Amino acid sequence: MKKLALFVPTLHGGGAERVMVNLASGLVSLGYNVNLIVADTHGVFLSQIDPAVHIIDLKQPRVLFALPKLIGYLIKEKPIGLISALDYANIIAIIAGRLTQVPVVISEHSTHSNALENVTGIKAKILPYLMQFFYPNAHAVVAVSDGVAKDLSSALKLDIRTISVIPNPVITSDLPLKAAMIPKHPWLANKTVPLILAVGRLSPPKDFSTLLHAFSLMIHTRDAKLIILGEGEDRSPLEQL
């Protein structure tokens, strides 16, 4: 079987991480030998990975520190390609791929200009320049929507024709079975009260704080319930809010 490698920082509850887990399972079903490489395996998606996917834990607290081990893996295993997600992981993947002659496909899952508004410190200053320098060296650049592609092209001055738009692989083989399940949450059983369900990573770009403020205003005029489904670094401040 042809070997493919996927690289993602962690398996925490973000959309990009979920997509990579789905992608790994889908590629296995197509007959590929899939290695899912993570800088740190901690995360809620670890238990949801197809048993046929081989997990490579680089055991590094930061993606940058994972570069030497990623290079070592590529030299030893020689996969036919490396697929990565998230900007900082994409940069590391491109460097490793260039040094080992392994083709690298990078993917962007967020609107770049919006995501940078929530990045501070030295990273906010150098990340756009690093992306602008390294992204053209990828074998292929994938965006999950036309909007993400246009924003990426504008922000990094990339030719829009060099960016492929491929929607997220969200329809998995077990989705019909899960969709037929009866939800146990009492709020979902009660059809008389309107329910708002918000799903996403609990992080600044998702702006759940605005949702909470808006909901607090709305319930003064009508009865409703709100469920926020997600994990992330903003969980504690959002719970306090």
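All heavy atoms count here, side chains included; hydrogens, waters and symmetry mates do not. Computed from a prediction, not measured in an experiment: that's the story for all the values here.
Other residues, nucleotides and ligands contribute more than 12 heavy atoms inside 6.0 Å of the NZ atom of Lys3. Other residues, nucleotides and ligands place no more than 12 heavy atoms under 6.0 Å from the NZ atom of Lys150.
When side chains are defined from C-beta on, Thr100 counts as touching Ile71, because their heavy atoms get closer than 4.5 Å. Proximity of Val63 to Phe7: side-chain heavy atoms (C-beta onward) are separated by under 4.5 Å at one or more points. Residues Leu11 and Val38 have side chains in contact (heavy-atom distance under 4.5 Å, counting atoms from C-beta outward). The side-chain heavy atoms of Asp50 and Val34, taken from C-beta on, include no pair separated by under 4.5 Å.
Taken to the nearest 0.5 Å, the CG atom of Asp40 stands 12.5 Å off from the CZ atom of Phe65. Taking OG from Ser84 and CD1 from Ile94, the interatomic distance works out to 6.5 Å, rounded to the nearest 0.5 Å. In this structure, CD on Glu17 lies 8.5 Å from NE2 on His109, to the nearest 0.5 angstrom. The CD1 atom of Ile91 lies 11.5 Å from the CG atom of Leu67; values are rounded to the nearest 0.5 Å. For the atom pair CG (Asp151) and CG (Leu156), the distance works out to 8.5 Å, reported to the nearest 0.5 Å. Rounded to the nearest 0.5 Å, atoms CG (Leu197) and CG (Leu188) are 7.5 Å apart.
Although no hydrogens or angles enter the test, the distance criterion places a donor-acceptor pair under 3.5 Å between the side chain of Asn90 and the main chain of Ser107. Side-chain atoms of Ser153 come within 3.5 Å of backbone atoms of Leu158 as a donor-acceptor pair (strictly under, hydrogens ignored).
Cluster annotation: Val148 and Ile83 are assigned to distinct hydrophobic clusters (Ile/Leu/Val/Met/Phe/Trp/Tyr, side-chain heavy-atom contacts under 4.5 Å, transitive). Phe45 and Ile55 fall within the same hydrophobic cluster, where Ile, Leu, Val, Met, Phe, Trp and Tyr residues are linked whenever their side-chain heavy atoms come under 4.5 Å apart, directly or through other members. Hydrophobic clustering (ILVMFWY, side-chain heavy atoms < 4.5 Å, transitive): Met1 and Leu30 are in distinct clusters. Val144 and Val21 are not part of a single hydrophobic cluster, where members link through side-chain heavy atoms under 4.5 Å apart. Residues Tyr32 and Val19 do not share a hydrophobic cluster, defined by chaining ILVMFWY side chains whose heavy atoms lie under 4.5 Å apart.
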Go through the steps to decide whether Ile56 and His54 satisfy the test side chain to side chain contact (heavy atoms under 4.5 Å, CB included), and finish with yes or no.
CA-CA 7 Å; Ile56 308 294; His54 186 203; 3.5 Å; yes
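At a cut-off of 3.5 Å, with distance as the only test, no side-chain donor of Ser236 or Asp234 sits close to an acceptor on the other residue.
Between Tyr73 and Pro79 the shortest heavy-atom distance is CE2-CG, 4.2 Å. Shown here for Met218 and Ala224, the closest heavy-atom pair between the two residues is CE-CB, 3.4 Å. Annotation for Val199 and Phe208: closest pair C-CZ, 4.2 Å, computed over non-hydrogen atoms. Heavy atoms only, all atoms of each residue included: Met20 and Leu6 are closest at O-CD2, 3.6 Å. The two residues Lys69 and Leu58 have their closest heavy-atom pair at NZ-O, 3.2 Å. When all heavy atoms are compared, the tightest approach of Ala96 to Leu70 is CB-CD2, 3.8 Å.
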